[in-house]
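Below: the structure, in structure tokens.
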Amino acid sequence: MAPALFTPLRVRNLDLRNRIVIAPMCQYSAENGCMNSWHLIHLGGLALSGAALVSIEATAVTPEGRISWADVGLWDDETEAAMGRTLEAVRRWSDAPFLIQLSHAGRKASVERPWEGGAQLPESDPRAWRTEAPSAIPWAEGQRPPTALDRAGLQRIREAFAASAVRAARIGLDAIQLHCAHGYLLHQFLSPLSNRRDDDYGGSLENRFRFPLEVFDSVRDAFPAERAVTVRISGTDWVEGGWDLEQTIAFAKALEARGCDAVNITSGGLHPAQQIPVGPNYQVPLARAVKAAVRMPVVAVGLITGFDQAEAIVGTGDADLIALARTILYDPRWPWHAAAELEAKVRAPPQYQRCEPWRVRGLFGES
Ligand SMILES: Cc1cc2nc3c(=O)[nH]c(=O)nc-3n(C[C@H](O)[C@H](O)[C@H](O)COP(=O)(O)O)c2cc1C
């Protein structure tokens, strides 16, 4: 019997060859939102990894929605053409499906790249911009507060998400993931710690769901019906009085009722006071609890590094898929090594067939 990690799964139109997903990872290397040769090297390598699905990093739907000034965007013809060129070059050599994470950073925008400290850019920096959020509460003490979005602002951002979804469809992206996690704009609407609005977008759970669900609906409407739209959610803020697992489950159910195809359960990022119990599988209990409440596939992520560890998460039914971020940067052939260890088969490009180790003859035999 094939190991659970290497059994296929169909998610709407998406035929996944195994249960290994590459999580979205910002590269902070774009120029005016445009992908360049770094993204070709990075995504091209990941497309040959044997994973079932490659996620494109958090992609801003407007320039102000970028986290840093060097983030990738999909807001105009230029950013679309740059991403289209990158994908075209990768697709010449790989048929790996690609998902794009559409995002708006809200109050966590306008920062320096992480390897340059990641701090909010001073107002005097020509690369800085004014941030927007549900309420005028900064992410951290000492930061400039964001502007609270008015109704016109909400409409503008909803439309920007839909427009990016149309662009994503045009350049052949196979699926979308709406970024509702890690303290970015849509998560800022969900969490009572960042959303203090007194209109119908704040207060009750139903009101805090409203904007993210409206954005989900407009993205779903804008993207071809046969292609998947999924969501990434932080399962908890890890802060007393914040967004928690119970609210996550209610949100996941509301998304499922609107046609969401899968959810990826991560955590944190909303508040600097978070206390995260980091360790192997630390977010798997969150995924398991969501999976118990919904029928759509659930993705677990976070310090999944071992082959048996990944097999156990899928095999015991804690989650349907696992996502890897740091693990696959460190070992871009992780899915090959997992297949060898678990006695499964995996895909490798014909150019690399000759590296199949003699001890695992037939490893690259997946058709
Ligand atoms: C370099 C890097 C960039 C990341 N960028 C994103 C991103 O664009 N969007 C996102 O939702 N998460 C992002 N993350 C978080 C990962 O997707 C993942 O959830 C997290 O790293 C935990 O998985 P891991 O233990 O396998 O790294 C990033 C992580 C890393 C290491």
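The first residue in the sequence is number 1, and the count goes up from there. Hydrogens, waters and symmetry mates are skipped; everything else that's a heavy atom, side chains included, is used.
The nearest pair of heavy atoms linking Val278 to Tyr282 is CA-CG, 4.0 Å. Shortest non-hydrogen contact noted between Arg333 and Leu48 is NH1-O, 4.0 Å. Pro24 and Ala58 get closest at one heavy-atom pair: CB-N, 4.3 Å. The two atoms that bring Arg258 and Phe216 nearest to each other are O-CE2, 3.4 Å, heavy atoms only. When every heavy atom of Pro3 is checked against every heavy atom of Glu343, the shortest pair comes out as CD-O, 4.5 Å. Asn13 approaches Glu226 most closely through the heavy-atom pair CB-O, 2.7 Å.
Defined by atom type and a distance below 3.5 Å, a donor-acceptor pair is present between the side-chain atoms of Asp76 and Thr79. Judged by distance alone, the side chains of Ser267 and Gln283 do bring a donor and an acceptor atom under 3.5 Å apart. Side-chain polar atoms of Ser49 and Trp334 form no donor-acceptor pair below 3.5 angstrom.
With sequence neighbours excluded, the residues forming a side chain to side chain contact (heavy atoms under 4.5 Å, CB included) with Ala169 are Phe223, Pro224, Arg227, listed by chain and number. A search for salt bridge (Lys or Arg N to Asp or Glu O under 4.0 Å) contacts involving Arg170 returns Glu80, not counting sequence neighbours.
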Stepwise side chain to side chain contact (heavy atoms under 4.5 Å, CB included) test for Glu159 and Arg156 = CA-CA 5 Å; Glu159 287 171 359; Arg156 172 171 46 81; 5.6 Å; no
Asp95 and Arg17: CA distance, side-chain angles, deciding distance, salt bridge (charged side-chain N to carboxylate O under 4.0 Å, His left out) verdict | CA-CA 11 Å; Asp95 62 0; Arg17 295 175 179 281; 3.7 Å; yes
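The side chain to side chain donor-acceptor pair (under 3.5 Å) contacts involving residues 136-150 comprise Arg130-Thr147, where partners must be two or more places apart or lie in separate chains. Pairs of residues two or more places apart, or lying in two chains, never qualify as ring-ring contact (aromatic ring centres under 6.0 Å, His included) while including a residue from residues 65-109.
Here the straight-line distance linking atom OG1 of Thr230 with atom CE of Met296 works out to 9.5 Å at 0.5 Å rounding. The line from OG1 of Thr59 to NE2 of His179 is 10.0 Å long, rounded to the nearest 0.5 Å. Rounding to the nearest 0.5 Å gives a distance of 10.5 Å between CZ of Arg66 and CZ of Arg127. The structure places CG of Leu40 at 9.5 Å from CG of Leu87, a figure rounded to the nearest 0.5 Å.
Annotation: Arg92, atom CZ; neighbour count of heavy atoms from other residues, nucleotides and ligands within 6.0 Å does not exceed 12. Around the CD atom of Glu240, the shell of radius 6.0 Å holds no more than 12 heavy atoms that belong to other residues, nucleotides or ligands. Shown here is Gln309, whose CD atom has more than 12 heavy atoms of other residues, nucleotides or ligands within 6.0 Å. Within 6.0 Å of the CZ atom in Arg10, the count of heavy atoms belonging to other residues, nucleotides or ligands exceeds 12. Residue Asn32 qualifies as open at atom CG: its count of foreign heavy atoms under 6.0 Å is 12 or below. Within 6.0 Å of CD in Gln353 there are more than 12 heavy atoms belonging to other residues, nucleotides or ligands.
Note on ring orientation: taking the six-membered ring where Trp is involved, the planes of Phe209 and Phe251 are tilted (angle from 30° to 60°). Between Tyr201 and Phe189, the ring planes lie perpendicular to each other; the angle is over 60°, past the 30° to 60° tilted range.
Other cluster members for Leu14: Leu9, Val11, Leu16, Val21, Leu53, Leu99, Val299, Leu321, joined by side-chain heavy-atom distances under 4.5 Å among Ile, Leu, Val, Met, Phe, Trp and Tyr. Cluster partners of Tyr330, using a side-chain heavy-atom cutoff of under 4.5 Å among ILVMFWY residues and allowing indirect links: none.
In this structure, Leu186 is not a member of the same hydrophobic cluster as Val239, with clusters built from ILVMFWY side-chain heavy atoms closer than 4.5 Å. Linking Ile, Leu, Val, Met, Phe, Trp and Tyr whenever their side-chain heavy atoms come within less than 4.5 Å leaves Val301 and Leu255 in two separate clusters.
In this structure, Arg220 pairs ionically with Asp261, as a charged nitrogen and a carboxylate oxygen lie closer than 4.0 Å.
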